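Beneath this line is the structure, given in structure tokens, with notes to follow.
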Amino acid sequence: AATPVFNRNQTPNIVTYSNANTITEQGFDNIVRLTYTTKSIAQYMSGQIKDQLKFKTAAVISENQDYGQQLLKWFKAQTQEAGLTISSESVITPGQDVDFKAVLLKAKDLKPEIMVLFVTYNEAGLIVKQIRELGWDIPVYCPDAMTEPKFFELAGKLDNVYLQVSPNVDVNRPAAKALKDQWNKKNEGFPPLAAIYGYDAVKLAAKIIEAGGVDRESFIKNMKKVQMEGVANPLYAFDEFGDGKSPNFATVPAADYAKENFK
């Protein structure tokens, strides 16, 4: 909703952690995005379910905001091509719904092989916990929004829970080590992606200024031209829409991710 307002006022807009394709599809000249898109995430997850996890039916719970609905849109488009069947499709309201038992029982009755969550970390953590409280051991697959510590705190047991993540964050690179040192002065473990993208956004803004972006007009002119090594991406480089190239994704057990990233 904010993006057209920034464009009308020609305010430079560095998007850190919003994945929806619609943000950049409008063709605005004043925008670049650090993270990858909902389309690339949803297509990857669909392919993993069919080709790697070898499941044919999936239940989907999505949030009724743009993030969840964009993921659902592209997931459904890809599943049709892949021959993956969505057994049930439910929508929840983030920040309002906290009891998901009715939705889960409806999905369970249809006997899907995997549960896919297109929500963010608070709701996903509660849903995973309530799935296990029902005695349902179904595999659960989530996008990388669940790398936030709150998800792990709320979810409880992480058996048979999987995350789509970007392995591009190399913690051994100097830029990553510098950020981790700063992060660990107040927090434990490696910072989540939201924090990493915020850090990279400041570095990118400085890079654009160094390239000659000293006022609104010149800043916008240079936004899509710069390239920069970051923490979340070894090389940020932007296309004509302001999107960076999607990284190679990975699917990892949530328990392993928690063990590697949180004490």
Side-chain angles (χ1 to χ4, degrees), residues 3 13-28 31-53 55 58 60-63 65-84 86 89 114-121 124 139-148 151 161-170 192-198 200-201 204 223-224 226-254 257:
T3 304
N13 184 9
I14 298 175
V15 178
T16 56
Y17 202 23
S18 296
N19 305 94
N21 283 73
T22 47
I23 291 173
T24 50
E25 283 176 349
Q26 298 169 84
F28 295 142
I31 189 169
V32 292
R33 171 170 30 201
L34 303 187
T35 190
Y36 27 86
T37 66
T38 45
K39 180 179 181 179
S40 61
I41 293 170
Q43 288 181 334
Y44 169 80
M45 291 178 68
S46 175
Q48 284 287 290
I49 291 170
K50 181 177 183 294
D51 299 330
Q52 299 299 319
L53 299 175
F55 295 133
V60 180
I61 299 176
S62 62
E63 62 175 39
Q65 297 184 3
D66 200 39
Y67 173 72
Q69 291 307 298
Q70 285 284 312
L71 284 168
L72 177 63
K73 169 188 172 181
W74 295 113
F75 185 78
K76 290 172 70 173
Q78 186 71 8
T79 53
Q80 290 174 2
E81 295 181 16
L84 179 67
I86 297 176
E89 184 184 319
I114 190 168
M115 172 67 72
V116 180
L117 301 182
F118 291 144
V119 299
T120 50
Y121 50 88
V140 181
Y141 195 16
C142 309
D144 63 358
M146 265 47 81
T147 56
E148 292 286 342
F151 167 74
V161 178
Y162 299 92
L163 302 179
Q164 164 268 329
V165 298
S166 166
N168 268 17
V169 180
D170 182 353
L193 274 176
I196 294 171
Y197 283 124
D200 281 351
L204 179 63
M223 288 179 78
K224 296 173 184 176
V226 298
Q227 296 186 9
M228 184 196 78
E229 178 186 354
V231 178
N233 195 324
L235 182 66
Y236 287 110
F238 305 101
D239 63 19
E240 68 273 21
F241 295 103
D243 280 322
K245 182 180 180 182
S246 297
N248 294 319
F249 296 131
T251 297
V252 300
Y257 185 92

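In what follows, residues are counted from 1 in the order of the sequence shown. Just so it is clear, the structure is predicted and the values come from calculations on it, not from any experiment.
With Gln69 contributing its side chain and Glu63 its backbone, the two residues share a donor-acceptor pair below 3.5 Å. Of the possible polar contacts, none joining the Asn21 side chain to the Thr37 backbone as a donor-acceptor pair under 3.5 Å is found. In this structure a side-chain-to-backbone donor-acceptor pair under 3.5 Å is missing from Lys224 to Phe238.
Taking both residues in full, the closest heavy atoms of Gly230 and Tyr236 are given as CA-CE1, 3.7 Å, listed atom of the first, atom of the second, then distance. Contact between Met223 and Ile14 at its shortest, heavy atoms only, is CE-CG1, 4.1 Å. For the residue pair Ala58 and Val116, the shortest heavy atom distance occurs at CB-CG2, 4.2 Å. The minimum heavy-atom distance between Thr16 and Ala201, with the atom names listed, is CG2-CB, 3.6 Å. In plain terms, the two heavy atoms of Asp200 and Met228 that are nearest each other are O-CE, 3.7 Å. Scanning all heavy atoms of the two residues, the minimum distance from Leu163 to Tyr141 falls at C-CE1, 4.0 Å.
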Candidate pair Tyr44 and Thr251, rule side-chain contact (heavy atoms from CB on, under 4.5 Å), full reasoning:
CA-CA 10 Å; Tyr44 169 80; Thr251 297; 2.9 Å; yes

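Contact of the Arg33 side chain with the Ile23 side chain is registered, since non-hydrogen atoms from C-beta on lie closer than 4.5 Å. Pro143 is listed as a side-chain neighbour of Leu71, based on a closest heavy-atom distance under 4.5 Å. Asp144 is not listed as a side-chain neighbour of Phe249, based on a closest heavy-atom distance of 4.5 Å or more. Ile114 has its side chain out of reach of Tyr162: every pair of non-hydrogen atoms, C-beta onward, lies at least 4.5 Å apart. Under the 4.5 Å side-chain criterion, counting only non-hydrogen atoms from C-beta, Asn233 is not in contact with Leu34. A 4.5 Å side-chain heavy-atom check between Asn19 and Tyr36 finds at least one atom pair inside the cut-off. The shortest side-chain heavy-atom distance between Val161 and Phe151 falls under the 4.5 Å cut-off. No side-chain heavy atom of Phe241 sits less than 4.5 Å from a side-chain heavy atom of Glu25.
Separating the OG1 atom in Thr22 from the NZ atom in Lys39 is a distance of 13.0 Å, to the nearest 0.5 Å. Taking CZ of Phe118 as the reference point, atom CH2 of Trp74 lies at 13.0 Å (rounded to 0.5 Å). Here the OG1 atom belonging to Thr79 is positioned 4.0 Å from the CD1 atom belonging to Ile86, to the nearest 0.5 angstrom.
No more than 12 heavy atoms of other residues, nucleotides or ligands lie within 6.0 Å of NZ in Lys76, so this atom counts as exposed by the packing criterion.
Counting only N and O atoms by type, the side chains of Glu89 and Ser62 include no donor and acceptor under 3.5 Å apart.
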